[in-house]
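Here is the structure we will look at, set down as structure tokens.
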Amino acid sequence: MPRYDPQRIEPKWQAYWDERGTFTTPNAPPEDSKGKLYVLDMFPYPSGSGLHVGHPEGYTATDIICRYGRMRGKHVLHPMGWDAFGLPAEQHAIRTKTHPRTAVQENIATFRRQLKMLGFSYDWSRELSTTDENYFRWTQWIFLQLFDTWYDPECEWTGPDGKTRTGRGRPISELPIPDKVRAGGDRAVRLYQDRHRLAYISEAPVNWCPKLGTVLANEEVIDGKSERGGHPVVRIPLRQWMLRIRKYADRLLSELDAVDWPESIKLLQRNWIGRSTGAEVDFFVAGPESADSAFEAWTSARETSGFPSEPEENVLRVYTTRPDTLYGATYMVLAPEHPLVDRLTTADQRTAVDDYREQAARKSDLDRTDLAREKTGVFTGSFAINPVNSERIPIWIADYVLVSYGTGAIMAVPAHDLRDWEFAVQFELPITTVVAPPDDYQPTKEEQALDVSHDPRFSDQPGFSPRPFAGTGTAVNSGGYDGLSTQEFKQRITADLAAQGLGREAVNYRLRDWLFSRQHYWGEPFPIWHELDEAGNPTGLMRADAPEELPVRLPEEFDFTPHGRPEPPLDDAPDDWLYKTGDDGVRLKRETNSMPQWAGSCWYYLRFCDPDNSERFIDPDVENYWMPVDVYIGGVEHAVLHLLYARFWHKVLFDRGHVSTPEPFQRLVNQGMILGAPEFTGYALAETIGHASSDDEEQVVRADEVAPDAWVSVEDSATKALDSGEEARVQKSTGKRLLPVSIDPDGVEKREGRLVLKDHPSIGVESRAFKMSKSRGNIVNPDAVVADYSADALRMYEMFMGPLEQVKPWNMSGVEGVFRFLGRVWRMVVDERADELGIADAVQNAPLTADQERLLHQTIKDVTGDIEKLSFNTAISRLMEFTNVMTACDVRPRAALEPFLLLLSPFAPHIAEELWELLGHANSLAYEPWPAHDEAKLATDEVEIPVQVNGKVRARILVPAKADQAAVEQAARADETVAKNLAGKQIVKTIFVPGRMLNIVVRG
RNA sequence: GCCGAAGUGGCGGAAUUGGCAGACGCGCUGGAUUCAAAAUCCAGUGUCCGUAAAGGACGUGAGGGUUCGAGUCCCUCCUUCGGCACCA
């Protein structure tokens, strides 16, 4: 019985493609090539649990694009590889006392097997892993490029793309050295260069958890304690490598315009970069004696010197987007970590300031920025002088000011900034209104929320506005600037301050420089040495490995379990790895941080083009041919970090002349996440569930454990934040605690538009699909789907579920549906009742009937158009329609079936190849020309069109396709129902859309 | 709070961009085949009125508007999901 037998045909064709190298792609284009097409999947991390059904979603989409592309004569590059450095492998290795490479190799083998099992047309000869020496050698080489580059914001130049830009990454040897620095000697010059490199070292605060012996990411710290175990976490400064991505912020922003990405992703990146424009303004710090003379001396000195690149010791520089509110600045705030805090703190404020700074250090960034928190801060005891009105204003420190943004200091304008207002109200600092809102102004919700009309502390102040105003308006109380609009005022005062040497226009970015080092073993080592003095202490100078000395390998025989100190584990590496003596006799110690996982995935798309090159990271001609990536598909979770980091590296390589395109990924598509099957949840009063303790979140209550009167409808439930920070369900009406109850789909029905319990129809329940997760137990394993159905069915179902970009729930009976479709396709060609595998009698070398011909051409047209639009779900439904009609035909001409198999092949390549072979073709259909449709064959003689009366469809009539309005109207009036609706009415007008519809508008 | 995406049958989703709402698939109902089942095939399936006909009313999250005509365009609101969240 030759049934559709995927277990036989799928391995057969996978072996066929492998053995013949069907999808191996040489870099030289074939003679009749219609151009290159580089289609890339986002680099997977080969986790221990193998492929997830989310992976094949994007991979099937790219595979369809590639298979279609090849059949259209494109020279297709479609590679796959592994992003295999990273923490999970290291932690697994520590647990199992093995080398991470062992687990990584096993995981890669699993991933590769699973991907091959799904029949993806990758060119496996280009496979690579970030952990291959041949790969990370060049990752280190690119790092050296970053290390060797400084950013010249003034440089105007024309790139290989023909566009002229201002600002360029240039070799560090071209960095102009100021005479003052040069006078300081070789050491001073080298330190000056090191400060300007795109890769530089800085002391950055990290979350150090002594108990766990590790550094934690911000997300892993809650309430000053580690997320796991609840151990205390301290912020300590640690020597870290940073990459100066901020220098590229403007280009990362503006060059987004040129790529073909979803607008929503571009917006995410724009917001992440967060460009703002405003001004930097210098405030003179008032001495202990109210020295007006010192201030005057300073301002007049500034008039001649202009605005310096670094402020003097007794000057505070602030950044503001609202220089027009300068007259309203009534105090200043520094971040607790601001370097000037020590000097500004007076003796009697010392204890308070130190205490506050220590507290702030203990908090993670996440806690500090918790919006719900009350404002805190401490007065330093010092005063500054407002440059526009010479007023003395107090200088505070507060953690609502971040040291990493702007200059780490602000001028506080409480009347026109909500945060400053809150702080000023809290500490009873003066508030001066300097902007009048427009006449028709309605306060925003936030402004209203801060209203202090009923606060007795402020009630008796004359002319006091009881709430802040953060919008734009007209200047008041601002000296000679009164009456100006915010817009004009900003420009005027920025220019005036610049003329006086007190300020300048400034741009700021939310984007921070990229913290590029990790205190872990399993990552790329830095190709950097630190110079040591005779006592073995670092001198602060460093030198890079020469490119030909790469790769720098990890020490193999070495115990990297955490040692309880914040230094990286590599600090304990064997001496022959850790130390060497330079040619000049200087003792050197290796950099012991390692690179983050992002590093390897920043440039893999380049290496795929030329994976075996041992001379260069990529050959320039090869790069020029394949780049940019034409289609890049992956999950939204990489919308910001990976895509921003990769773009940044690419632009540095572009500036240094190593790549020819300014952007790496021309077109980006984000596949939507696949969720688990929808689940129903009801709620019941916790107190009625006998065994349930209210702390036990994990426990599942079964519906049969719930007493009939213990149910609470979803509509009467709400989530409430508990004191512990967790969230709980409570009954709205009583506030009583509720527990979720998992409900079997059979126990639920829909009544009057709401989902209710079948047994208690007054109780509403919730239906929701959740992210697949181990703890929820709703993970679908691709291996099982392939075993129970087929790879072709899995591929088709993933595409048939809905639009690629959309989030959608998994449903196993949907797989069943496409599997049945594949069975119908099989029987459309194969005689299943014969003993031997053979073609069905109905399949003949007969000419197509007119209907069959029209169907075929319509299917070709629709499927082709849908693939072009990446609308794979509708393409599949067109293939199903074809099959439904064709299987009902007693004669099924080969001339219809063969093009159909070609159309099917990108989606379900195994069955398509098998049937193609069965129809007598000796070679794979992978490079058969894609069918073309003939527009003339689509035409029909007659069309059915709807007839509307006043926009309501009253009848459908059959008319000749080319019938004119008069003919159609006549036919319409002849229809009984239409006639009835027209009877006794006056026809006002008639709308006719040829071939589509007729609408008769009547009155009376 | 701000920004973004989305709300269409019992379910996943279609709808040439303002022109027949519900393609295709799942599920369900009935039938054929079968000793029986699986598999397969055929028919039906938005809701309501009507007689399982003819015919009609309603119907794309809610309310309003534009239009001969609105799932599609405009305004107000609701819900869900995602991102950001003291960035001066």
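Protein chains get the first letters and strands the later ones, always in sequence-line order, with residue 1 at the start of each. Please read these numbers as outputs of a predicted model, since none were measured by experiment.
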Taking only the side-chain heavy atoms of [X] (C-beta and beyond), determine which of [options] contains the nearest atom.
X: E881(A); options: C26(B), A14(B), C24(B); value: C24(B)
X: N981(A); options: G69(B), G25(B), G56(B); value: G56(B)
X: S813(A); options: C26(B), C41(B), A88(B); value: C26(B)
X: R824(A); options: G19(B), C86(B), C41(B); value: C41(B)
X: R820(A); options: G4(B), G1(B), C26(B); value: C26(B)
X: V401(A); options: G56(B), A88(B), G13(B); value: A88(B)
X: E944(A); options: G56(B), C20(B), C68(B); value: C20(B)
X: R878(A); options: C24(B), A21(B), A23(B); value: A23(B)
X: I991(A); options: G56(B), G19(B), G13(B); value: G19(B)
X: R3(A); options: A88(B), G12(B), A39(B); value: A39(B)

G4(B): syn or anti, per glycosidic angle within 90° of 0: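 It is anti.
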With syn defined as a glycosidic angle within 90° of 0 and anti as the rest, where does U76(B) land?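 Here U76(B) takes the anti form, which means its glycosidic angle is more than 90° from 0.
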Taking pairing as Watson-Crick or G-U wobble with both contacts under 3.5 Å, can you name the mate of G44(B), or confirm there isn't one?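 Its partner is C28(B).
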What does U17(B) pair with, Watson-Crick or G-U, if both distances are under 3.5 Å?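 Looking at the geometry, U17(B) pairs with no nucleotide.
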So, [X] and [Y], do they make that salt bridge, N to O below 4.0 Å?
X: E505(A); Y: K490(A); result: no
X: R973(A); Y: E969(A); result: yes
X: R322(A); Y: D324(A); result: yes

Under 4.0 Å, heavy atoms only, any strand: does [X] hit a base, just the sugar-phosphate, or nothing?
X: L267(A); answer: sugar-phosphate
X: T990(A); answer: nothing
X: N999(A); answer: base

Value in whole Å for how far the [atom2] atom of [N] lies from [atom1] of [X]:
X: M411(A); N: C86(B); atom1: CE; atom2: P; result: 20 Å
X: M828(A); N: C41(B); atom1: CE; atom2: P; result: 13 Å
X: M801(A); N: C11(B); atom1: CE; atom2: C1'; result: 12 Å
X: E816(A); N: C11(B); atom1: CD; atom2: P; result: 21 Å
X: N670(A); N: G83(B); atom1: CG; atom2: P; result: 13 Å

Considering only atom [atom1], compute the distance from [N] to [M] and round it to an integer number of Å.
N: G10(B); M: C78(B); atom1: C1'; result: 24 Å
N: C75(B); M: C26(B); atom1: P; result: 41 Å
N: G61(B); M: A57(B); atom1: P; result: 22 Å

Taking atom CD of E976(A) as the centre, does the number of heavy atoms from other residues, nucleotides or ligands within less than 6.0 Å exceed 12?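 Check fails, neighbour count at 12 or below.
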For D866(A), check side-chain contact (heavy atoms from CB on, under 4.5 Å) against everything at least two apart and list the hits.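 Here the qualifying residues are K869(A), S871(A), T874(A), A875(A), R878(A).
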Quick check: on RNA chain B, is the nucleotide nearest A888(A) upstream (toward 5') of the one nearest D417(A), or the reverse? Name the residue that is more 5'.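 It is A888(A) whose nearest nucleotide is closer to the 5' end.
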Start at the 5' end of RNA chain B and walk down; is the nucleotide closest to K989(A) or to V807(A) reached first?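 Per heavy-atom nearest nucleotide, the more 5' residue is V807(A).
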Between Q806(A) and G13(B), is there a side-chain N or O to OP1/OP2 distance below 4.0 Å?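 Indeed, a polar side-chain atom of Q806(A) lies that close.
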Looking at N873(A), does any N or O in its side chain come under 4.0 Å of the phosphate oxygens OP1/OP2 on A14(B)?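 For A14(B), OP1/OP2 do have a side-chain N/O of N873(A) under 4.0 Å.
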